[in-house]
Structures are given as structure tokens and as C-alpha cells.
Student: 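So that we are looking at the same thing, I have put the structure below in C-alpha cells.
For clarity, every value in this text was computed on a predicted model and none was experimentally measured.
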Amino acid sequence: MPHIAVIGAGITGVTTAYALMERGYNVTVLDRHRYAAMETSFANGGQLSVSNAEVWNKTATILQGLKWMMRRDAPLLVNPKPSWHKYSWMAEFIGQIRHYEANTVETVRLALAARRQMLAMAERERIDFDLEQRGILHFYRDAAGFEKALAVNALLRKGGLARDPVTPEEIRQIEPTLQGQYHGGFFTPSDSTGDIHKFTRGLAAACARRGVAFLYDAAIEAIVPAGAGWRIRWRPASRDEGAAPVAMGEPLDVDGVVICAGCASRDLAAGLGDRLNIYPVKGYSITVQLHTPESQDAAPQVSILDDATKIVTSRLGRDRFRVAGTAEFNGFNRDIRHDRIEPLVRWTREQFPRVATDRVVAWTGLRPMMPGMLPRVGPGRQPGIFYNTGHGHLGWTLSAATAQIAADAVEGGLPVEGRRLAA
């Protein structure tokens, strides 16, 4: 039974650990936080959205970003301060424009496979995560936006997704609480929403019950060869800036390592001779506390995606409403800025004026994005090293499928003896 270390206890790390555990591996998950799902898997938009599988690699994205550069509240914001990492990533992003259609279709196919795996996982382990299977509604305020969406819809259908156009009247029927004026939209009844943090913590608990070890508060110092396998050197994570260094933890010797460390994967990969050009694309969310019966009735039940403002929503149970969006290229900055949160609050008031916004919890997270918008999944250069990272804005949507692909790669390089003989 090979011993596999999974680096990272976010959604991709925990789903990978689960897939490996089910195939008979001895699994240890390491994370620098005290609990699972404390970074990008903490408070995202909540959508399991095959309908949002379009990659961003388009000339229109570049032009829109340039147009928005001087607006601090713009949906897409780029800090112009020079950075080799940022500008090399953008150059590769532009180079991937020629793969826009193929990458979008492939993302749809991955997302559809992940949907089946994710729902089966939740049912098998009885995870309560505020799942709502009411679909996702995209709306457009003008004909130009709707016509562009028609072209995207053709790619989504090519990948296997059923998504139909809807009229303004049908939009009202699907979600009566919406108050804006719309030209038209698209509705994907098969999409769903939920609380990623609750799901990831629930799946981590299921893994632990079934024998997966979790090593929290573990900051990775190095991953080095050790005999036929690998040694992970780690240090207890220190939360206080300027605190005295703490002693190293007991090294962990394993047969293989799967790196699922989000934006930290780039540096870990570099230490292993692999290049992963992952950039931290910052996003924001607000969780509106629906603390009055009027707000609970006025908030939407169906998940919304407003393409013009790049804002998404999800209803998390009776008393929470998640609104998320924006993309900010600003390095590893995790500051919560009022001028980035205020547009989310303003949008909520405009679309749902009867929802009280006096109790709002703001959050920000760093999406780990590859230039081509597809995750890096599979073996590294060195035997026993594997990756499942770089999922960008679709980490939850894709994770259950990429976990199986990563487990396939591990099985190909380090098979469990009994399963190999059975095969």
C-alpha cells in the first residue's frame, strides 16, 4: 500500500485524498492552516457551474481590461506595478487565445464529469452543504451581450451542456425576486449551488473516518528525495509576523506526493524542477445575513450570473445569500478593499432592493490560475511527483473530476499491488 502525501486541504486536495483513499492508498494530507478549506475554498461564489465554463482567453477580455484599468471598482482590475510573474503570465494568456474554443469545450466536459462525481460523493458520505439544485440563470441587459452569449452557448453545447435561451418574461418566472430590466438570458437547470466550505470540511471528516491522516499547521519547507520515495520537511506554521522561529516537525517519508496547494503550487513545483505558471487572481465575496423574514423572502432561490458585471450569487440555506465576483491582478495581496466590496453590496441593493444589507460579511481569496485556464493535472518530471492544481475560478466545479485524473496518474506510477493484480 503506497503512502501518498497530498499537499493542501482545500477542495482539490481533499477530493484528491478521497479518490486515492478509495483506491486503497495510505494518504496523509498536509496543510499550513489549522483546518481544511481555510483559503480559496472558504467563501467562494458557491456555484457548481458548468454554464460558466467559458475560458477567459479572448481579445475582448484584454480590451475590456485596458478599458477598466483606471476604475478602482471595475470587475477586472490590474495593478500596473511591474512584475515579471504577472506580465509573463499575461503574455502566455494572450498566447492561449488561439486555444479559446478547444479549452472551453474541454472545460465543459471536465465539469460535466465532475458534477456526477461530486453529487455521488456528497450522497455517499451524507454531507450537508446547503445544496440547491435549482439551476443557474445568466441574464443580459442588452442585445449585444445576449448575442455574444449565443456564440458561447454553441461551445457549451458542443461540450455536452444543455443551456437554453430565455425571454425577459421567462426570467421573471424563473426568479421572481429580480428587479432589473433585461433583454434576455440563458438558463441551465442542471447546474447547482452550495457552500464549498461546508462541503470540503464534510468530505475531510469523511476521509478522516476512513483512515486518511491530516497534518494541519504544517508549513512545507522542502520536498526532497529519500531513497525510492520522498521526504517532506515541514515546520509548525507561525501566525504572528516577527514571531521567533519554531522547531522543525518530524519529517514525513512517503512514496509519492500530489501537490494541490493552490497559488503556493508554483513555488513548490519550482523546487521540484517543474514550471507551473500559476498566478493568484484575487476575487471577493460578501455573505449577506438574511436576518429578517422580509429579506429571506426577497432574496433569490435560483443562482444568478450577471455577465456584464461578472457577479454570481448563491442561496445558502434560509438565512444566507452569497454574492461574489471581480478579478484583481495584484500579486499575493489579500487585503479586503472597500472599493472592491462596495460594488457587490450596490449590485445586491439594485437587483434585490428588499434585501437588507446591514449585516454583510466580506471575504477575499486568491484563485490559482494557469494562463490557458485549464488546471495542471498529472505527473511531474520526477517519479512520484504529481499535480492537481491551477483550477482558477472553477475549482469546486472541476475538482471531483480532476481528483480522479490525478488518482489515475498516481495509480499509473505507484500502483496498489492488489489493484494491479486484479487489473
Side-chain angles (χ1 to χ4, degrees), residues 10-12 15 40-41 43-56 75 103-119 121-122 129-140 145 148-149 152-166 171 174-175 178 185-200 281 283-285 300-316 321-327 344 347 365 367-369 373-375 390-402:
I11 186 64
T12 55
T15 51
T40 310
S41 299
N44 75 350
Q47 291 187 332
L48 290 161
S49 52
V50 185
S51 59
N52 196 22
E54 180 195 14
V55 300
W56 299 0
N103 286 355
T104 295
V105 171
E106 177 60 20
T107 303
V108 175
R109 291 172 178 162
L110 268 178
L112 287 171
R115 174 197 287 165
R116 294 187 292 270
Q117 295 279 354
M118 180 74 66
L119 295 177
M121 222 181 291
F129 61 105
D130 296 322
L131 175 66
E132 291 285 354
Q133 295 179 285
R134 299 173 184 263
I136 293 179
L137 174 65
H138 289 60
F139 67 67
Y140 302 87
K148 290 177 182 177
V152 174
N153 204 52
L155 293 179
L156 301 181
R157 285 187 169 276
K158 186 176 180 180
L161 179 68
R163 189 179 83 142
D164 299 316
V166 290
I171 289 175
I174 293 167
E175 185 44 70
L178 276 167
F186 288 87
F187 184 54
T188 313
S190 59
D191 275 346
S192 55
T193 60
D195 187 326
I196 186 174
H197 184 71
K198 290 177 70 173
F199 178 87
T200 308
V281 180
Y284 292 84
S285 78
Q301 297 289 343
V302 172
S303 178
I304 308 297
L305 199 156
D306 180 354
D307 266 340
T309 59
K310 307 305 180 188
I311 287 176
V312 305
T313 76
S314 57
R315 184 68 178 266
L316 304 177
F321 179 47
R322 178 73 48 77
V323 182
T326 77
L344 301 178
W347 184 93
R367 309 178 187 99
M369 284 195 172
M373 307 296 288
L374 284 170
H391 293 65
H393 68 299
L394 293 175
W396 195 14
T397 297
L398 301 180
S399 60
T402 61

Student: Among all residues two or more places apart in sequence or in another chain, which pass the side chain to side chain contact (heavy atoms under 4.5 Å, CB included) test with S285?
Tutor: A43, R322, A324, W363
Student: Contact between I136 and H138 at the side-chain level, heavy atoms closer than 4.5 Å - yes or no?
Tutor: yes
Student: Can you sort out the partners of D195 under side chain to side chain contact (heavy atoms under 4.5 Å, CB included), two or more places apart, ordered by chain and number?
Tutor: D130, H197, K198, L316, R320
Student: Grab the two heavy atoms, one from A122 and one from F129, that are nearest each other, plus how far apart they are.
Tutor: CB-CE2, 3.6 Å
Student: If you define the side chain from C-beta out and look only at heavy atoms, does anything of I11 sit under 4.5 Å from F199?
Tutor: yes
Student: Distance from Q301 atom CD to R134 atom CZ, nearest 0.5 Å?
Tutor: 4.5 Å
Student: My understanding is that only residues two or more places apart in sequence, or in another chain, count here; which of them pass salt bridge (charged side-chain N to carboxylate O under 4.0 Å, His left out) with R116?
Tutor: none
Student: Quick check: do V166 and L137 have side-chain heavy atoms less than 4.5 Å from each other?
Tutor: yes
Student: Applying ring pair (Phe, Tyr, Trp, His ring centres under 6.0 Å), name anything that partners H393, two or more places apart in sequence or on another chain.
Tutor: W56
Student: Any idea which heavy atoms bring P375 and T402 closest together, and the distance?
Tutor: CG-CG2, 4.0 Å
Student: What residues form a side-chain hydrogen bond (donor to acceptor under 3.5 Å, both in side chains) with T309, not counting sequence neighbours?
Tutor: D306
Student: How would you list, by chain and number, every residue that makes a side-chain hydrogen bond (donor to acceptor under 3.5 Å, both in side chains) with E175, sequence neighbours excluded?
Tutor: T177
Student: Do the non-hydrogen side-chain atoms of V108 and V105 ever get within less than 4.5 Å of each other?
Tutor: no
Student: Is there a donor-acceptor pair closer than 3.5 Å between any side-chain N or O of R367 and the backbone N or O of H391?
Tutor: no
Student: Name all residues meeting the salt bridge (charged side-chain N to carboxylate O under 4.0 Å, His left out) criterion together with D307; count only those two or more places apart in sequence or in a different chain, and write none if there are none.
Tutor: none
Student: What's the separation between atom OH in Y284 and atom CG in L344, rounded to the nearest 0.5 Å?
Tutor: 10.0 Å
Student: If every non-hydrogen atom of R109 is compared with every non-hydrogen atom of K158, which pair is closest and at what distance?
Tutor: NH2-O, 3.9 Å
Student: Starting from the C-alpha separation in whole Å, work towards a yes-or-no answer on side-chain contact (heavy atoms from CB on, under 4.5 Å) for V152 and E54.
Tutor: CA-CA 7 Å; V152 174; E54 180 195 14; 3.4 Å; yes
Student: Tell me every residue that passes side chain to side chain contact (heavy atoms under 4.5 Å, CB included) with P189, counting only those two or more places apart in sequence or in another chain.
Tutor: F187
Student: Hey, mind stepping through S190 and L161 against side-chain contact (heavy atoms from CB on, under 4.5 Å) and telling me if it holds?
Tutor: CA-CA 9 Å; S190 59; L161 179 68; 4.0 Å; yes
Student: Quick check for you: to the nearest 0.5 Å, what is the distance between T193 atom OG1 and W396 atom CH2?
Tutor: 7.5 Å
Student: In sequence, state the C-alpha distance, the side-chain angles, and the governing distance for L156 and T188, and then conclude on side-chain contact (heavy atoms from CB on, under 4.5 Å).
Tutor: CA-CA 11 Å; L156 301 181; T188 313; over 6 Å; no
Student: Of all residues at least two apart in sequence or in a different chain, which pass the salt bridge (charged side-chain N to carboxylate O under 4.0 Å, His left out) check with E106?
Tutor: none
Student: Do the side chains of P300 and F321 get nearer than 4.5 Å, heavy atoms only?
Tutor: yes
Student: What heavy-atom pair brings N44 and I196 nearest, and what distance separates the two atoms?
Tutor: OD1-CG2, 3.1 Å
Student: Return the minimal non-hydrogen interatomic distance between G185 and Y140, and the atom names on each side.
Tutor: CA-CD1, 3.9 Å
Student: Look only at the side chain of T200 and the backbone of G10, and say whether a donor-acceptor pair between them is shorter than 3.5 Å.
Tutor: no
Student: With heavy-atom distances below 4.5 Å as the criterion, would you say the side chains of N52 and T397 are in contact?
Tutor: no
Student: Got a sec, which residues hit salt bridge (charged side-chain N to carboxylate O under 4.0 Å, His left out) with R115, two or more places apart in sequence or on another chain?
Tutor: D191
Student: Drop me the distance from N103's CG to L155's CG, to the nearest 0.5 angstrom.
Tutor: 11.0 Å
Student: Which residues satisfy the side-chain hydrogen bond (donor to acceptor under 3.5 Å, both in side chains) test with S303, sequence neighbours excluded?
Tutor: Q47
Student: Looking at residues at least two apart in the chain, or sitting in another chain, which of them share a side chain to side chain contact (heavy atoms under 4.5 Å, CB included) with A400?
Tutor: A114, Q117, M118, M121
Student: Can you name the nearest heavy-atom pair linking R163 to A149, along with the distance?
Tutor: NH2-O, 3.6 Å
